[in-house]
Amino acid sequence: MGLLQEIIFGLVTGSYIAIAAIGFTLIYGIVNMINFAYGEYISIGAFIGFLAANTLPGPLPVAVVVAMIGGGVVSIILARGFFTPINHTGPVPMLLTSIGLGIVLRNGLRLAGGRSARYFETETSTFQFDAIPDLPVGPVDLLGDFFVTSEQLVVVGSAVAVFASIHLLLTRTDVGIAMRAMGDDESLARVRGIDTQLIRDSVWVLAGVLAGLAGVLMAVQTNVSADTGFSHILQILSAAILGGAGSPYGAILGAYVIGLVLAVSTAFLPSSMTGLSSAVAFVILIAVLLVKPSGIAGTEVREA
Amino acid sequence: MSVLDRLPSGRGDRALIAGLVCLLLGALFAVTPLRAQLPSALYVFVEVGILFVIYGILVLGLDLQYGHTGLVNFGHVVFFAVGAYATAMLTAQDTFAGIGLGYPWPLGLAVGVIAAAILGAAVSLTSIRLRGDFLAIVTLATAEIFHSIFVNFENIFGGNVGILGVPRPIASLVSDSDTRLVATLLVLGGVTLVTLAVVTRLTDAPYGRVLRAIRADELVTRSVGKSTITYKTQAFVYGAALAGLAGGLFALYNGAVAPGFFTIQVTVTVWIGMLLGGAANHRAVLAGLSIIMGLRLISRFALNVTPVSGDVFASIRLIVVGLILVTVIRYRPAGIWGDPQELGVDQ
Amino acid sequence: MSLLSAEGLVKEFGGLRAIDGLSVSIEDGELVGVMGPNGAGKSTFFNCVSGVISPDGGTVSLKGSDVTGDSPESLAHRGLVRTFQNTRELETMTVRDNVRLAAPDQPGERTLPALLRSGSMQEREGTVRERADELIEMFELDHLADEYSSNLSGGQRKLLELARTLMLDPDVLMLDEPFAGVNPTLTREIADHVRDLNEDGMTVVIIEHELETLTELVDRLIVLQQGQLLVEGDPEMVLKDERVIEAYLGGDAK
Amino acid sequence: MSLLDVVDLDAGYGDLQVLSGVDLHVDDGEYVTIVGPNGAGKSTVMKTIVGIATCLGGSVEYQGTDISGLSPEEVVRERIGYVPQTDNVFPTLTVEENLRLGAYVLDEMPTDRKRDVYNRFPALAGRTDEDAGSLSGGQQQMLAMGCALMLDPDVLLLDEPSAGLAPDLVDDMFDRIDEINEAGTTILMVEQNAKEALRRCDRGYVLANGENRYEDDGDSLLNDEDVRREFLGG
Amino acid sequence: IGFGGDEESGDGGDGSGSDGSDSDGGDSGDDAPDTIVFGQPGALSGSFDFLQPGVSQAADAAVRHINEAGGPLGAELELVRRDTAVDPQEARTVATQLVENDNAAAIVGLFSSEINPLWDYLQDLRTPIVTPWPGSTFLDTRGGDKGTPSDVSDDEWVWRTVVGDTVHTGGSAVYALEEGFETLGIINGNTEGERSYVDGFLSVYEQNGGTVAERVEVELGSSSYQSALSRLFDADFDAFLVSMPQESAITALSDWSDGGYGRQPILSDTLAQQAVIDQVGSDLHGAWVASPGRSGPSYDTFNDIYNEEGDAEINGWTPPSWDSVQITALAIERAGSTDPEAIQKNLGPVSRGEGTTVSTFAEGKEALANGEEITYRGAATPTDFTEHGNVFGSVTISTAESGGFVETTEVAAEDVREYVAEGKY
Ligand SMILES: Nc1ncnc2c1ncn2[C@@H]1O[C@H](COP(=O)(O)OP(=O)(O)OP(=O)(O)O)[C@@H](O)[C@H]1O
Ligand SMILES: Nc1ncnc2c1ncn2[C@@H]1O[C@H](COP(=O)(O)OP(=O)(O)OP(=O)(O)O)[C@@H](O)[C@H]1O
Ligand SMILES: [Mg+2]
Ligand SMILES: [Mg+2]
């Protein structure tokens, strides 16, 4: 199959990561902490979506909305219980707390939800595009036949919708600008009259909503279990940081870089080395950072 | 003379003496017919104690890197792993899979330290100029890359089985298990104490002041004429070499290495230990590590007194460990013995 | 041959030419003031010369050797140090350690002497202590010596920064607005001190907007505008220059 | 009763007490300056009024009600504007966005005032979409002032507004402050450019060691021998 | 190296002996303990935890059944289960704790990824480990009593009641060739179990003329396997072998079905699960699995008792778990002692040879009481330990149909045995 198909696969994988990475990076940039429990937020979103899909009437999108709302609610409750009280202490204690919280949530989910994975009942249709001309360059075919599934379209579509909404939110609304301002300098933000607690709460809710969405999408493609989100946290973290600290645009770029590298390296590595595809993704990640030390979308800050 | 007594000496030296005494005692048990007696109920504590002193070397290296210099190393386990694999591959005899060269163990241990140091140098050469969180991701990525390599290149690294048949110098000298455990604990504990003495000397000296200055503001440190790249590289390489030493000792103690021993879990454990105790304070990070490892072990015994089944207990135990961690940080955000102002943590 | 000189210096940020073909030279033992409107490129000039950023064009030479693009630390070794306009303290260290750190030639900053607690290290550490305490006292920070520097007020930070810089005993001292935010009485004292240093042979370059102090203090003034040299020369002459009045002092200059 | 009354104020950071028994008051429409050596606690007075530093005793009353327990965001809603001494712009936000946040508590964006700010500080007008962090020190100071003006506050607290400004702009800045004051805004200002500040203000305070030292109208302070010697550098 | 027990019991005598559980009795058959403990390290968390419920339930059912029959040596059998999270480091702690603190007489658990790197340590522990988990080829020539039950000096202390990968994958390979699949594509996870499965399969498959067109290794837990599949299906082959754990396999097979790649899947033994068919859907019809573990002579007996215990789904390791408890209890009964060496010496004799065939502990206890020799015939396999402590069993081929997996054929143990060299397993 051609490169085109691989790129499609890469875009899909990137989209899953991107949605979650935005949520992760918002917390990173604005609340100023690395939230290692974010994978569990995703798992919780998946569980809520799963419960909704099996108890509520109505199609899957209803469950998605419920998962997003639920994710937001859970996120704010956890933030209030665990992170808000130690907000003033700075990033390191918060990071450690998130590790502890992650352990608690993951095992809590295991305890409540049991060990075996559950699955969403979904129908997928596949659209085959045949008779696309080949465009060979060396051993690589740039075009060639390809297919997309309805699920993939939904995932990419959701990602694009999320990007657009986040962009508008952060640049066009007072709340969004206030969020970014808080990431810069919290005490100045307060002096400007920004209710920082409210803004922080909104960031937590937003991050939870995105985790809910990412959770259901990932779960539909894979399964619902205590590890649904945890197994992706490294990719999410990498995408977010690769993009440039706290920049949602960077996170999106980072996510697609990782998604594409995963797909393309699986396709083109020598046979005995296909298991290395994520290692390759990490190598590329390091390479990118060496070329652009401020991250993909990072700007160099004035030093003196 | 007046200068001398104003220097914060003593601290490291007591550790040095204690370490040497431990090594001596350990050697005594190992080479003389002297025998120790150990109630078997304590075995598991000594086992975990041995692991603790090995991880102790790891956490001291990490504290040099992060606690003092501010280098965020999220892939510490990779240096541990490289040290262990290098030692194992050099010394193993008829390993089931992968390479085993059968050289004597002191050579293996030395190569383990050097290999980890070289990897540390390679990582720092490429990445130490990067901003803090990017270094974090590079180290994390390096650890993942090496994990994949160990797993995937079966002919060299033995795949998931790892390298077996590594010599166990202490076990081969002592045949009865009580003495063997005690001797191992003493010898490895001695190495950890000596390490503690060494890093304490380093960080109590003006050397440590430069490291802490880099942590505070690199540009300022450069502006007063310190080559921060050199110091960051050194701190990183020293930390990596210590991890390599820990890895080599681990291989020689366990008799085998496998990817399962070198998961991200190790990195998480030493980070928790360091932050829980209080970064930038060597004794505190060791104490923090002992708390988290002790907690994990002690909590295992609670199964006997809880009414729940083993299955449910497994989850509850981890939940409790997590909650304790969260609670401690809530009330001691800079770690139990950490200095909040030095760490820039608001209480 | 001048001690420090910049030739055709250029620095761009995006489309903006912050330094635009600037040539300046400073003689050994001079006390030079740099002024100019906000955004004229003064700090950027300092940044280029002190190695904090590397220029896009032109050369910088110090004591006759080309140091263009050299790192701040190597410039510090060659005897050039600077302060920052927005003060930068090592906030997680005490005032005393801030100053001590800056001492040059400390054997204890190398691994082996540190590990062995060598005699030379201990000896040097003793002199470093004494010198640091002297400086701390001189800037009236002695009551704060063991405080973390994050607890200092805005002006105290300026003083600490100065103390830290002097610890290096530099040949060329570059001060970026050392008096902004410093109380007038102290400003005088610092100015006096700077003059003393200069008389003892230290070359000093000061960026400052506080004209009264500056003109009294310096031998020569350099005025920048839009990254270029506008005027340079004797302070009194410069202040009477039409272009300077126009660009910098505003119509109603004294 | 004055507009702003600081009565026997003890304040500081955490457990550390910096101010002890500071008294000062600002009447409606007045222009008051605080001068004093570095570390005297001038900024701390400001920070206590806006609720950043901790009030340990005494009170801060605004229009007769105690505001010492309020959070900064609540204080701003009382239309008390504040320009901090350092770190007074958001470096990763654009100039335009910084100004927008200056008017955050207002229901509507005061576009005419924004135009006004750009007219006043042309250096900013050309760089509306650039990150504030890339501005020069003086430009950042202008932006910070601009942000405070966006609020059109009843009381404006200024912590060293002229620091780092070029002389033409210093004069300009003081002129502008005069104008703002004349338009009815009450001003409380901290300045190291003490002569200029005292010359222009209605009344001044000298603070040292966290305590009141002198209080008088500006010119009298300026001419007071002790004050000159101790604080104004002769 | 013959050190340990004897030396110490000589000088110790106060229960501080290091190597075992003999503090509550042991050597002498006459003062039998009140309770006997088996330790079960398990995957209560971590990867593979989804297989644990079946394994736990089987062990619990076995314990209950044994106690109902009066218990070994008349003592109450107790099972202490502790979590290793499939992490070798934790496994080491757990094994120590089980033996030294819980006084377990034997261990009835441990995975290959725990056993292999802890091999030396486990030998030093000198406690019989009878585990239902590991398929690893590493154990093909390691473990067991080396055919000399009475001489423990040459013993290795690990036994497994589950068929090694070498054997049952062989059955699968034989069947694939019989079906006419001459070339294969392979997609497998990069963990020990998955690889070892494929390696075992290939050794028989290629020996007998099969060829592999393409093999793709993948990481587990990915959100998509499309790239790997598209690579695989660029090659030409008759059928493809999927060796992945259940969750990843479902993702991969759903991707396969979505992508419309076609061709016949052959699944690894872990995948004979209802969920796989439910999730992948009708495209999977015709796919088959060769699984060990359900073909023992007393499978039905086991099945009845098991179902009384609970409703955890049976997987390939469930019946072996039952067997491991049963046979260890029988070894104690025959030994008349809970001394580890005594148990180790009796594991061979109760499993091999021509004694009275028994299918449960109850039958065995009775037969032993009558002075007969016994031979345990298990639920998973006949449990006829080889010299290396391994078992052979027939391989069941189940084919996916709309309702679930239906057993279609069986490859007899003898047929499989042909492919394994004498003494190499
Ligand atoms: N890192 C940077 N990125 C973008 N623009 C920059 C950067 N550093 C400086 N500039 C721009 O270059 C110009 C000169 O800045 P510089 O700081 O040198 O001015 P200055 O003369 O020191 O002014 P001031 O007296 O206000 O401190 C300014 O317009 C500033 O915005
Ligand atoms: N965040 C803080 N934490 C602890 N102590 C502080 C803090 N900020 C200031 N201080 C202390 O409070 C005292 C008063 O500081 P303040 O900033 O009010 O002085 P100031 O009069 O504004 O001086 P300057 O003119 O130098 O800005 C100083 O001695 C300083 O050490
Ligand atoms: Mg400047
Ligand atoms: Mg101040």
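First the proteins, then the strands, lettered A, B, ... as listed; each starts at 1. Predicted, not measured: the structure shown is a model, and the values here were computed from it.
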Seminar exercise, completed: Pair count under 4.5 Å, heavy atoms only, with chain B: among A/Val280, A/Leu105, A/Thr97, highest is A/Thr97
Exercise. Can you say whether A/Leu276 sits under 4.5 Å from chain B via the side chain, the backbone, both, or neither, judging by heavy atoms?
Worked result: both
For this session: Answer with side chain, backbone, both or neither: which region of A/Leu111 has an atom nearer than 4.5 Å to a non-hydrogen atom of chain B?
Result: both
Seminar exercise, completed: Value for CD1 (A/Ile103) from CD1 (B/Ile272), rounded to nearest 0.5 Å, stands at 5.0 Å
Problem set entry | Interface residue of largest heavy-atom contact number with chain B, from A/Asn107, A/Val92, A/Ile34, A/Val283, under 4.5 Å | A/Asn107
Problem set entry | Point-to-point distance, once rounded to the nearest 0.5 Å, from CZ of A/Phe36 to CZ of B/Phe74 | 4.5 Å
Problem set entry | Euclidean distance, A/Leu101 CG relative to B/Ile329 CD1, rounded to 0.5 Å | 13.0 Å
Problem set entry | Beyond-backbone contact of B/Arg330 with A/Pro85, side-chain heavy atoms, under 4.5 angstrom | yes
Problem set entry | Which portion of B/Ile319 sits near chain A, non-hydrogen atoms under 4.5 angstrom | both
Review item, side-chain donor-acceptor pairs of residues 287-294 of chain B, under 3.5 Å, at least two apart:
residue, atom, partner, partner atom, Å
B/Ser290, OG, B/Ala287, O, 2.6

Exercise. Is it the side chain or the backbone of B/Leu140 that comes within 4.5 Å of chain A heavy atoms, both, or neither?
Worked result: side chain
Exercise. Do A/Leu95 and B/Leu275 pass the side-chain contact (heavy atoms from CB on, under 4.5 Å) test, and can you show the C-alpha distance, the side-chain angles, and the key distance before you say yes or no?
Worked result: CA-CA 10 Å; A/Leu95 173 142; B/Leu275 298 180; 4.2 Å; yes
For this session: Could you grab the distance from atom CZ of B/Phe134 to atom CD1 of A/Ile286, nearest 0.5 Å is fine?
Result: 13.0 Å
Problem set entry | Residue-level contacts of residues 146-162 of chain B with chain A, using a heavy-atom cutoff under 4.5 Å | B/Ser148, B/Ile149, B/Asn152, B/Phe153
For this session: Examine whether an atom of B/Ile324 lies under 4.5 Å from a heavy atom of chain A, and if so say whether it belongs to the side chain, the backbone or both; otherwise answer neither.
Result: neither
Seminar exercise, completed: Value for CG (A/Leu290) from CZ (B/Arg129), rounded to nearest 0.5 Å, stands at 10.5 Å
Seminar exercise, completed: Test side-chain contact (heavy atoms from CB on, under 4.5 Å), reference B/Ile137, set A/Leu234, A/Leu242, A/Ile241, output is A/Ile241
For this session: Would you mind reporting whether A/Ile99 and B/Val268 have side-chain heavy atoms less than 4.5 Å apart?
Result: yes
